[in-house]
Amino acid sequence: QVQLVESGGGLVQPGGSLRLSCAASGSILRITSMAWYRQAPGKERELVARITNGGSTNYADSVKGRFTISRDNTKATYLQMNSLKPEDTAVYYCNAATLGYGYWGQGTQVTVSS
């Protein structure tokens with residue numbers, strides 16, 4: 001019922017910035033929260049940031065102070081990533097939660113390297 005498409009990934013040098021976007025379509029009014037996850041090679045997928053319809057946010061300890069999640073009225077979700085580090089390299093996935101289900105985007109690669 002919800003379709004998600006991520007964009008904005010790419011190659012960036014350490015200390016640089018990227019802004020990821022997630023466009024949501026379908027039954028977007030059923031979405032209660034949006035989130036970004038990431039998965040690095042050989043590691044489990046982890047929650048990076050989440051934002052609820054009420055505007056509350058939470059972040060992984062590793063990205064606090066560097067990343068900011070936001071939403072707009074179309075339920076598009078953004079992840080502003082500043083002061084990027086090589087350990088931020090991963091495939092980043094958008095996630096939309098409804099009351100009874102979760103949905104995933106296809107993922108976008110973020111590579112932080114000199």
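On a predicted model such as this, the values are computed, not experimentally measured, just so you know.
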Could you grab the distance from atom [atom1] of [X] to atom [atom2] of [Y], nearest 0.5 Å is fine?
X: T77; Y: D72; atom1: OG1; atom2: CG; result: 7.5 Å
X: Y59; Y: L79; atom1: OH; atom2: CG; result: 8.0 Å
X: T57; Y: K64; atom1: OG1; atom2: NZ; result: 9.5 Å

hydrophobic_cluster_shared for V112 and F67, side chain cutoff 4.5 Å: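 Yes; V112 is reachable from F67 via cluster members.
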V48 and L84: same hydrophobic cluster, using ILVMFWY side-chain contacts below 4.5 Å?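 Hydrophobic grouping puts V48 with L84.
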Any non-hydrogen side-chain atom of [X] less than 4.5 Å from a side-chain atom of [Y]?
X: S113; Y: L11; answer: yes
X: T68; Y: Y78; answer: no
X: E6; Y: W36; answer: yes

Assess whether atom CD of E44 is packed by more than 12 heavy atoms of other residues, nucleotides or ligands within 6.0 Å.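 Open.
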Output side-chain donor-acceptor pairs under 3.5 Å for residues 90-102, partner residues at least two apart or in another chain, one line each.
from, atom 1, to, atom 2, distance (Å)
Y92, OH, R38, NH1, 2.9
Y92, OH, D88, O, 2.7
N95, ND2, Y103, O, 3.1
T98, OG1, Y101, N, 3.1
T98, OG1, Y101, O, 3.0

Could you go step by step and tell me if M34 and L4 meet the side chain to side chain contact (heavy atoms under 4.5 Å, CB included) rule? CA-CA 10 Å; M34 299 288 290; L4 304 171; 4.0 Å; yes
Sequence neighbours left out, cut at 3.5 Å: what donor-acceptor pairs do the side chains of residues 12-31 make with other protein atoms?
from, atom 1, to, atom 2, distance (Å)
S17, OG, N82, OD1, 2.9
S25, OG, Q3, OE1, 3.3
R30, NH1, Q1, OE1, 2.2

